Every structure is written in C-alpha cells, then in structure tokens.
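For reference, the structure is listed below as structure tokens.
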Amino acid sequence: MDNNPQSAPEKTHLEELNELMIRRRQELDELVKHGINPYPYLFSQTNYSGEILSSFKDDGQQVNVSIAGRIMSIRRMGKASFCHVQDSQGKIQVYLKKDDVGEMYDIFKLLDIGDIVGVEGFVFRTKMGEISIHARKFEVLSKSLRPLPIVKEKVDEKGNKIVYDPFSDKELRYRQRYVDLVVNPGVKEVFIKRAKILRIIRKYFDERGYIEVETPILQPIYGGAFARPFITHHNALDVDLYLRIADELYLKRLIVGGFDGVYEFAKDFRNEGMDRSHNPEFTMLELYVAYKDYVWMMNLVEEMVSTIAKEVVGATKFKVGDNEIDFTSPWKRISMFDAIMEYTGKQLKGKSEQELRMIAKELKIEIEPGADSAAVIDEIFGEFVEPKLIQPTFITDYPVEMSPLAKKHRSEQGFVERFEVIVNGHELCNAFSELNDPLDQRQRFEEQMKLRVRGNEEAQVQDEDYLRALEYGMPPTAGLGIGIDRLTMLLTNQDSIRDVIFFPQMKPEH
RNA sequence: GAACCCGUAGCUCAGCUGGUAGAGCAUCGCCCUUUUAAGGCGAGGGCCGUUGGUUCGAAUCCAACCGGGUUCACCA
C-alpha cells in the first residue's frame, strides 16, 4: 500500500479529503492494480435477501443463490470473515473463507462498509443460528469512497432490535437523503407507503372512469387558492409567470370542455413560511366530477380514505401520535357555525364584521386590523375548533366570503356548499359544489379584488379566461383537493412533512 | 418574522466553575477459518460552525453572523 502520498490531498467540491477518504482511494488503486474493475457494468443477481431468508428450510438441501447489495458490516477473523449485505429487501449475512474463495480473499480485505458487491454461494445456517450465504465467489460492483455512518444493531432475548448510534442528525438526514435511506430502513418504508397511496387513489379513480390529466405549472395568472406565489420569467415571451398554487381553475376548464371526471396529482408551490406541515412545494390531488355535488363528494372521500387506510395500514382504526384515529365510516358531519357553537358557545350566524370582532375579543383572540369577517371567523375556528377535532370530521357550509370558487348554498343564505375534512387537528381536504354561475363568479372575483386593495396579498386574482370558460357553460360539478403529503403523514404516523418528502426544502449548504 | 435550544473526530456523544481535547463505533497494524454491538494487543485521526471581543490564556465567557431543531406567528 502506498503510504507516502507525494501530493497534497486532493479536494472534492464540498470539503478536503479526510483520512478515511484518502484510505478508500488508496484501496481503489489497489483494486485496479490487482486487475479488478471497481466499477463494472453488470451483475446477474437472481435472488434477494428477504426471499432467501423466508424460503430457507433446514433440510440439508443445498440451495445456490446470487445476490447484490451494499456491505453494511464486516467481522474479519483472520482467514474467514462475516459481513452483512443489504439489498432492496433487507440484509443477509455472508460468510467468506479463504479456502473457498482463494485469491479473492485478498481482494475482500480491500473492501469496506459501503462497498457494493455481488455474491454467489449457498444458503446455510450458522452455529449461532443465522441464515447466511456461504460465498463461493464474489465481485466488486462499486467501490465506495466515503465512510457511511455506522449503525449497529443488536437483537435482545425478546427479539427486540436495539439500535446503537443511530444516524439521527436531521440536517444530515435531509440534506443527504441517500445516506438516510441506506442506514435507516424505516425511511424507505414511509416512501413505499407513499407510492402505494398514490397507486390506490389512481386505481380508485380510474375504475370510475375519471381521467388523469396534466395542466400548466407555469401560469400567467395564479388562482384556485389563497397563497402568495413564486414568480418566474419566461425569456422568449418576456412575460412573468407564476408557479401554480393550485390547478383548480384549469381542471374546471376541462370539465367545461366535456370531461365528466378529471384528476391530477399536482405539485403546487406556495411562497410562504415553512414548518412541520408546510413545504414550499407539495403535492395536492384535485378531482372534479360533473353532475355531482358536495354531498356526493363527502361520500366518495369517506369511502376512498377508508379504503386507502385499509390497504396501506391494514386497518381503518390505528394510532397516530398519541391518538387512536378511526376512519371507519360514517364520519361526523357538522356545519362550521355549529362546530364553533359547540366549542365556544358563540353563535356567529348573521353577525356583522363589527360583532364578529367583538366576539373574537371576548374569546381573547387577536385579529389583524386588515382582516375581513371571513378572516375573523376562520381565526376563531382555527383557534378553538380545529385543534379539538381528532377523529375525521366533515366541517360543512362555510361563509361565502371565505370561498370565492364555491357555489352558493341551496338553502342557507350567505353560505356556500363546501366541506373540509379535519383529522388529528389538521385539515386533510377541501371540497365544494363548484360555482358554475359565471355572473356570480365575476362578482366573487370583484370582492376578492376589493380585499386585495385592502391589503390582503392572498386574495384571489380575477381570471378573465376562466370566466369566459364558465360563460360557455360548466355543468354542476363537485370538486375535491387532498393534501397528499398530509395524508401520507397520517397513514405513516410521521409528524413532520419533511419525513414524507424525499428532498425537503433546505437553506443552501454553503 | 420572533423566542428558546443546538453545532466538538466519518457517525453518536462527553468535556463548558477559562489552563489549549476525550469515549464508543468506524479507520490503520498484528493475532484470530461459524462471528454477529465478534474478540485481544497496539496506533493514527480534530481550523471544538465562522468572525470578532474579554483575558496572560477561550471548545468553555460575550457579540455578530452561518446552519439546524423546537415552539409561536404566517400559511384562512
């Protein structure tokens, strides 16, 4: 081994090489000197760790296998060694002895935790009882040049796993998710469940004949939600464009165009604060179905979410944090004002902005001077009701000022046909009977413009093309939006949105 | 945006009544052909987040900045 480097340590883009990294580069050179290609092209793996472990029988029959994966631990004992190799299904122990692999044993000495190898051999059970692969051959498939965090595990007498020195630094875990995924097996599980949730929803909608569509992310006018947008610029057209905050108005244009049901898993972007339940880009599922109303949509949501829970968690009743949540239908349905009445004893129906402000004062809630009555009501609801709603609950019938895209209530003056589902104290989805009266819609936009003048940066912007579409005629339509990240948080029992997004937004590293 | 907490070896952490750095794992050398948090003996490894200040002397005290976490605000 070359122990006197002639030149100063080279640098990567991120940092100077430390001892461990220099060491691994030297081993890489050694491998090449031995005629080994440390980065070959192919390996024909025919088995996976999980499948080998579950199908093993102690019947003396020799079963030959070939696996590929990353070395996660090594125990060297002179002329024989054990290591654990991790593939997509988990880990399996590999036993190598010099008598069996010959010259290659010297190559194995040049390998480290983190290197990717292919192993051929037969399955056996060790004296200590662990099902393992007795290697006859192995191949280097990729030499790792960086030390992986070392996480050790021990299984106690009761079969519980004790983890020593877990890789737990959240900053490193999020910035280097690839490392997190390698050493923290639970992380992968969450994302596999996330994929499963998407698959189930897709299947559920496709079976009903709804069409999955794609609509613009770059929009000349942003709309469909209350939020501040990201702005970007298109050079060739020399126009500013907005990253969408919602795809609602485009999906409804498609309903005008004659689709009876459309949905999109949309990455939306909102230029706002970040916290445990907000990432600047997030995934929203929106669905629009013609000739249906919000009552119909409530039934769909109830059925679909409990179906997802059953398939992903295996039950409709399960623990999320400290709470046991029961998605079994039917869920409670209560109007927004009745819910406020229930939790505060205050009746808000028919109250003016002044009266609402008085009530807020009695409840000791601070209200910003620029707030309109809708904002006051929402503040009261958010403070006193939402956090108390643990079991899935439909909150229905919102004041018209809060919902400029929702249709007027068929019987309650001043309200719209809208519902949200609140679970575990957080909004899970939002839906309404869509406003399809173009004249009413124009008035609602005008109300929003007035709010904007009053200083509300999040008030919605008038979209003339959308109004034109409505003027051609949109059928009665039910619409729904579900936050996929939040749904995933619930079903995987994660309390931070960063744990259900592979690469959450972070400040630049340098 | 605000408050509080944190930043020491590749990883997980100790050291913080100021005297210039420590453990376990990982790494290196020797021994070890069924081990498993393998073991035994020995060794190396640090701009103590950055920049200033106080001091004879700072990982330790102070300030600013950078990054992270938590809570609150915002996100209806």
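Letters go in sequence order (proteins before strands), and every chain restarts at 1. Quantities reported herein were computed from a predicted structural model and do not represent experimental measurements.
No hydrogens or angles considered: nothing links the side chains of A:Arg444 and A:Gln462 as a donor-acceptor pair under 3.5 Å.
Counting only residues at least two apart or on different chains, the salt bridge (charged side-chain N to carboxylate O under 4.0 Å, His left out) pairs with a member in residues 117-126 of chain A are A:Asp58-A:Arg125, A:Glu120-A:Lys137. Applying the side-chain hydrogen bond (donor to acceptor under 3.5 Å, both in side chains) rule to pairs touching residues 380-397 of chain A yields A:Tyr294-A:Asp397, A:Asp397-A:His409, sequence neighbours excluded.
Annotation: proximity of residues 71-83 of chain A to RNA chain B (heavy atom, distance under 4.0 Å) is found for A:Arg75, A:Arg76, A:Met77, A:Gly78, A:Lys79, A:Ala80, A:Phe82, numbered in ascending order. Within residues 111-138 of chain A, the residues approaching RNA chain B are A:Phe124, A:Thr126, A:Lys127, A:Met128, A:Glu130, by heavy-atom distance under 4.0 Å.
Between A:Asp29 and A:Lys33 there is no salt bridge, since none of the side-chain N atoms of the basic residue sits less than 4.0 Å from a carboxylate O of the acidic one. Using a 4.0 Å cut-off between a side-chain N of Lys or Arg and a carboxylate O of Asp or Glu, A:Glu171 and A:Arg175 qualify as a salt bridge. Between A:Glu434 and A:Lys252 there is a salt bridge, since a side-chain N of the basic residue sits under 4.0 Å from a carboxylate O of the acidic one.
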Each nucleotide N or O in nucleotides 44-47 of chain B that has a protein N or O under 3.5 Å away: list the pair and distance.
residue, atom, partner, partner atom, Å
B:rG44, N2, A:Glu19, OE1, 2.9
B:rG44, N2, A:Glu19, OE2, 3.1
B:rG45, O4', A:Glu19, OE1, 3.4

Contacts under 3.5 Å, N or O only, protein and nucleotides 3-6 of chain B:
none

Considering only nitrogen or oxygen atoms on both sides, find all protein atoms under 3.5 Å from nucleotides 68-72 of chain B and state each distance.
residue, atom, partner, partner atom, Å
B:rG68, OP1, A:Arg175, NH2, 3.4
B:rG68, OP1, A:Lys507, N, 3.0
B:rG68, O4', A:Glu171, OE1, 3.0
B:rG69, OP1, A:Arg498, NH1, 2.2
B:rU71, OP1, A:Arg276, NH2, 2.5
B:rU71, OP2, A:Arg276, NE, 3.4

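Residue contacts for A:Leu172: at a heavy-atom cut-off of 4.0 Å it reaches the sugar-phosphate backbone alone, with no base atom in range. Residue contacts for A:Gln93: at a heavy-atom cut-off of 4.0 Å it reaches a base atom on one of the strands shown.
For A:Glu412, the side chain to side chain donor-acceptor pair (under 3.5 Å) partners at least two apart in sequence or on another chain are A:Lys349. A:Glu417 is linked by a side chain to side chain donor-acceptor pair (under 3.5 Å) to A:Arg410, A:Ser433, counting only residues two or more places apart in sequence or in another chain. Residues that satisfy the salt bridge (Lys or Arg N to Asp or Glu O under 4.0 Å) test with A:Arg452, not counting sequence neighbours, are absent from this structure. A:Tyr48 meets the ring pair (Phe, Tyr, Trp, His ring centres under 6.0 Å) test with no other residue; sequence neighbours excluded.
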Report, one line per pair, each donor and acceptor closer than 3.5 Å where one atom sits in a side chain of residues 419-430 of chain A; sequence neighbours left out.
residue, atom, partner, partner atom, Å
A:Glu420, OE2, A:Arg418, NH2, 2.8
A:Asn424, OD1, A:Asn323, ND2, 2.8
A:Asn430, OD1, A:Arg418, NE, 3.0

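Within the 6.0 Å centre-distance limit, the rings of A:Phe502 and A:Phe191 are counted as a close aromatic pair.
With rounding to whole Å, A:Asn271 atom CG is found 14 Å from B:rG1 atom C1'.
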